[in-house]
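Down below is the structure, laid out as structure tokens.
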Amino acid sequence: MAVFDYAPAPESRELANLKPAYRPFVNGEFVDGSGEPLKTINPATEEVLAEVGTASPSDVDTAVKAARRAYEKTWGPMPGAERAKYLFRIARLIQERSRELAVLETLDNGKPIKESRDSDLPTVAAHFFYHAGWADKLDYAGFGPDPKPLGVAGQIIPWNFPLLMLAWKIAPALATGNTVVLKPAETTPLTALVFAEICQQAELPPGVVNILPGAGDVGQLLVRHNDIDKIAFTGSTEVGKLIQREVAGTPKRLTLELGGKAANIVFDDAPLDQAVEGIVNGIFFNQGHVCCAGSRLLVQESIVDDVLDKLRYRVSTMRLGDPLDKNTDIGAINSEAQLTKIRELVEAGESEGAHRWTSSCPVPERGFFFAPTVFSDVHQSMRIAREEIFGPVLSVLTFRTPAEAVAKANNTPYGLSAGIWSDKGSRILSVANRLRAGVVWANTFNRFDPTAAFGGYQESGFGREGGRVGLEGYLDV
């Protein structure tokens with residue numbers, strides 16, 4: 001079957017309004033950070049995008065003090081209906097500047113523009129709209145007659161969904177009356193700092209939101225600060241464990257959303273064409289830079305050959321290249337370090353005896369790119385079946401019975417998400433009830449909504465973000 005060839009359809013990078021330098025945001029103003037400046041690069045071209053000022057210990061202390069002052073004097077005492085007005089205003093400004101933010105996100109992160117534009121930005125605005133609606137209804141949310149905010153929240157977000165993870169953290173914190181000091185990822189700070197501009201546009205009171213760029217040392221300072229009431233972290237399991245050790249024995253509340261190794265289970269009665277699209281979305285969306293990515297595909301043994309044939313053909317049609325091209329399906333890996341990790345695990349898969357198939361799509365000579373790859377004949381003992389690759393690499397295992405599928409799906413220290421593909425609703429419900437995963441999708445994958453709680457078990461963390469349940473993590477109840 002012929003594959004369409006698409007003419008280039010690049011989005012203009014000028015829409016990003018890229019500046020040569022960005023600064024931390026503290027107490028309602030952009031300030032000169034006294035940390036060592038960092039240079040953020042475009043992973044698709046390896047060009048330097050901008051110089052970013054970073055925070056020092058004194059900057060962290062100043063930001064926490066500003067957040068505490070705003071919490072005690074302004075934001076905490078403010079009626080929920082008034083807080084809601086600011087959140088609605090922020091949501092509308094995000095919508096108005098969505099094209100700018102989408103292009104900037106793609107430049108800084110490497111993800112395809114169609115994902116930044118059509119997935120990330122609409123969901124970012126939706127989170128602020130949704131949580132604005134909760135701000136004046138907390139007394140009726142089932143948390144008691146007078147739920148109180150915790151105080152100052154220290155928030156640390158990853159590089160895979162920079163602006164979306166910011167929204168997941170900041171929107172519920174502000175809706176419930178807390179103030180925020182947020183550290184964006186070292187490699188993707190730009191949209192967080194433009195969000196700070198939006199806070200100024202919305203005339204958010206000074207100190208309610210503070211943005212401190214920097215490396216892991218800035219996050220460590222936040223975690224250790226004595227005047228922080230809540231830590232919310234999304235990132236690797238290894239760092240999450242370190243944070244939990246730091247917080248243990250202190251009164252700080254903690255929410256952790258960590259790594260995953262999700263099982264995507266396909267039964268022999270599944271609609272295969274639909275399932276293949278779900279498999280592709282589950283592992284190749286955002287270059288596989290997704291904590292809940294369906295990186296372990298469990299296929300019923302009787303249909304594995306059909307599934308692999310359809311899957312390889314579908315993956316061979318995916319377009320890898322310039323993230324700003326609207327036709328691109330797979331963009332750049334976020335950093336050279338992450339690309340090195342992906343290559344190491346792929347080499348381990350080959351050396352341990354799995355069968356590797358990699359798309360023959362052309363790979364740009366410059367930038368951090370990795371062609372979509374599918375491993376078959378994978379066993380549970382292999383590293384590619386156990387470790388989080390966080391890249392466009394799929395491991396395919398087989399099973400014969402539903403019980404075996406459940407056993408293999410649960411054979412992981414993680415527990416963030418899973419998917420089930422079947423025409424039988426009873427089978428879906430039966431299997432879903434036995435899976436140890438925080439989110440289970442049925443005949444779909446990677447569907448997110450601000451009204452639905454998200455979070456994991458075991459080494460995927462604890463606590464929930466989104467929905468009514470997610471509010472509880474920011475309330476003293």
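Quantities reported herein were computed from a predicted structural model and do not represent experimental measurements.
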SB check Glu404 Lys408 (cutoff 4.0 Å):
yes
Please determine, by modelled atom types, if Thr188 and Asn109 share a side-chain donor-acceptor pair under 3.5 angstrom.
no
Distance-only side-chain donor-acceptor flag, Lys169 / Thr255, under 3.5 Å
no
Has the side chain of Asn281 got a donor or acceptor atom that lies under 3.5 Å from a matching backbone atom of Glu277?
no
Counting N and O atoms only, with roles assigned by atom type, does the side chain of Lys148 sit under 3.5 Å from a partner on the main chain of Gly76, one being a donor and the other an acceptor?
no
Any Tyr22 side-chain heavy atom under 4.5 Å of Val194 side chain:
yes
One should read off an interatomic distance between Cys199 SG and Ile211 CD1, to the nearest 0.5 angstrom, of 6.5 Å
Hey, are Asp217 and Arg224 close enough for a salt bridge, meaning a charged N less than 4.0 Å from a carboxylate O?
no
For the rings on Phe161 and Trp168, is their centre-to-centre separation under 6.0 Å?
no
Could you tell me if Ser116 and Thr106 have a donor-acceptor pair between their side chains, going purely by distance under 3.5 Å?
yes
Between Arg427 and Asp269, does a side chain to side chain contact (heavy atoms under 4.5 Å, CB included) hold up when you go through it step by step?
CA-CA 10 Å; Arg427 171 179 280 172; Asp269 63 336; 3.2 Å; yes
Tell me, yes or no, whether the heavy-atom count around Glu472 atom CD, taken from other residues, nucleotides or ligands under 6.0 Å, exceeds 12.
no
After noting the C-alpha distance and the side-chain angles of Trp159 and Ser335, does the key distance pass the side chain to side chain contact (heavy atoms under 4.5 Å, CB included) rule?
CA-CA 10 Å; Trp159 46 259; Ser335 68; 5.5 Å; no
Locate the shortest heavy-atom distance separating Ile428 from Ser422; write the atom from each residue and the value.
CD1-O, 3.5 Å
Any idea which heavy atoms bring Ala16 and Leu107 closest together, and the distance?
CB-CD1, 3.8 Å
As a quick check of understanding, evaluate side chain to side chain contact (heavy atoms under 4.5 Å, CB included) for Phe143 and Thr176, giving each step before the final call.
CA-CA 12 Å; Phe143 303 125; Thr176 48; over 6 Å; no
For Cys292 and Trp441, the nearest pair of non-hydrogen atoms, with its separation, is SG-CH2, 3.8 Å
Strictly distance-based, threshold 3.5 Å: is any side-chain N or O of Lys252 a donor or acceptor partner for the main-chain N or O of Ile231?
no
Any sub-3.5 Å donor-acceptor pair from Thr451's side-chain atoms to Gly467's backbone N or O?
no
Do you know which two heavy atoms are closest between Pro189 and Pro213, and how far apart they sit?
CB-CB, 4.3 Å
Heavy-atom pair with the smallest gap, counting every atom of Asn443 and Gln274
O-NE2, 3.2 Å
Can you tell me how the ring of Phe30 sits relative to the ring of Phe25, calling it parallel under 30°, perpendicular over 60° and tilted otherwise?
tilted
What distance do His225 atom NE2 and Arg68 atom CZ have between them, rounded to the nearest 0.5 Å?
9.5 Å
If we only count heavy atoms from C-beta on, is the Leu345 to Val393 side-chain gap below 4.5 Å?
no
Charged N to carboxylate O below 4.0 Å: is that the case for Arg23 and Asp32?
yes
Ignoring hydrogens and geometry, is there a side-chain-to-backbone donor-acceptor pair from Arg296 to Ala409 under 3.5 Å?
yes
Applying salt bridge (charged side-chain N to carboxylate O under 4.0 Å, His left out) to Glu11 and Arg117, what does each step give before you reach the verdict?
CA-CA 11 Å; Glu11 181 66 284; Arg117 179 195 64 197; 5.3 Å; no
Kindly indicate whether the side chain of Leu222, heavy atoms from C-beta on, has any atom under 4.5 Å from the side chain of Val60.
yes
Counting C-beta onward and ignoring hydrogens, is there a side-chain heavy-atom pair between Phe267 and Val431 closer than 4.5 Å?
yes
Would you find a donor on one side and an acceptor on the other, under 3.5 Å apart, between the side chain of Asp108 and the backbone of Leu190?
yes
When rounded to the nearest 0.5 angstrom, what is the spacing between CD in Gln338 and CZ in Phe390?
7.0 Å
Does Lys137, at its NZ atom, have more than 12 non-hydrogen atoms belonging to other residues, nucleotides or ligands within less than 6.0 Å?
yes
Counting only heavy atoms from other residues, nucleotides and ligands, does the tally under 6.0 Å from CZ of Arg434 exceed 12?
yes
Counting C-beta onward and ignoring hydrogens, is there a side-chain heavy-atom pair between Pro392 and Ile342 closer than 4.5 Å?
yes
Pairwise distance CG(Leu416) to CD(Glu257) - rounded to 0.5 angstrom
5.0 Å
Do Gln200 and Glu29 touch side chain to side chain, with heavy atoms closer than 4.5 Å?
yes
From the list Glu459, Gln458, Arg386, Lys261, side-chain contact (heavy atoms from CB on, under 4.5 Å) with Pro413 holds only for Glu459
Once you round to the nearest 0.5 Å, how far does CG of Leu394 lie from CD1 of Ile283?
6.0 Å
CG-CG distance between Asn42 and Leu324, expressed to the nearest 0.5 angstrom
7.5 Å
Is a side-chain donor or acceptor of Asn178 paired with a backbone partner of Pro149 at a separation under 3.5 angstrom?
no
Is the charged tip of Arg83 near the ring of Tyr86: under 6.0 Å from the six-membered ring centre and within 45° of its axis?
no
Hey, is Lys85 close enough to Glu203 for a salt bridge, meaning N to O under 4.0 Å?
no
Pi-cation contact, Tyr130 with Arg468 (under 6.0 Å, within 45°):
no
Do you see a donor-acceptor pair shorter than 3.5 Å between the side chains of Thr62 and Asp59?
no
Is it true that a side-chain atom of Asn410 and a backbone atom of Leu435 form a donor plus acceptor pair closer than 3.5 Å?
no
Determine yes or no for a side-chain-to-main-chain donor-acceptor pair under 3.5 angstrom, with Lys111 supplying the side chain and Asn160 the backbone.
yes
For side chain to side chain contact (heavy atoms under 4.5 Å, CB included), just list the numbers for Phe454 and Val439, CA-CA rounded to whole Å, side-chain angles, deciding distance to a tenth of an Å, and then say yes or no.
CA-CA 7 Å; Phe454 182 88; Val439 177; 3.5 Å; yes
Under the 3.5 angstrom rule, does the side chain of Asn210 hit a backbone N or O of Asn27 as a donor-acceptor pair?
yes
With a sphere of 6.0 Å drawn around CZ of Arg99, does it hold more than 12 non-hydrogen atoms of other residues, nucleotides or ligands?
no
Taking all heavy atoms of Phe285 and all of Ser119, pick out the closest pair and write down the distance.
CZ-OG, 3.8 Å
Val266 versus Leu297: any side-chain heavy-atom pair under 4.5 Å?
yes
Evaluate whether atom CD of Glu82 has more than 12 neighbouring non-hydrogen atoms of other residues, nucleotides or ligands under 6.0 angstrom away.
yes
Are Thr74 and Met78 close enough that some pair of their side-chain heavy atoms sits under 4.5 Å apart?
yes
Is there a ring-ring contact (aromatic ring centres under 6.0 Å, His included) between Phe128 and Phe195? Walk through the geometry before answering.
CA-CA 12 Å; Phe128 280 97; Phe195 176 81; 5.6 Å; yes
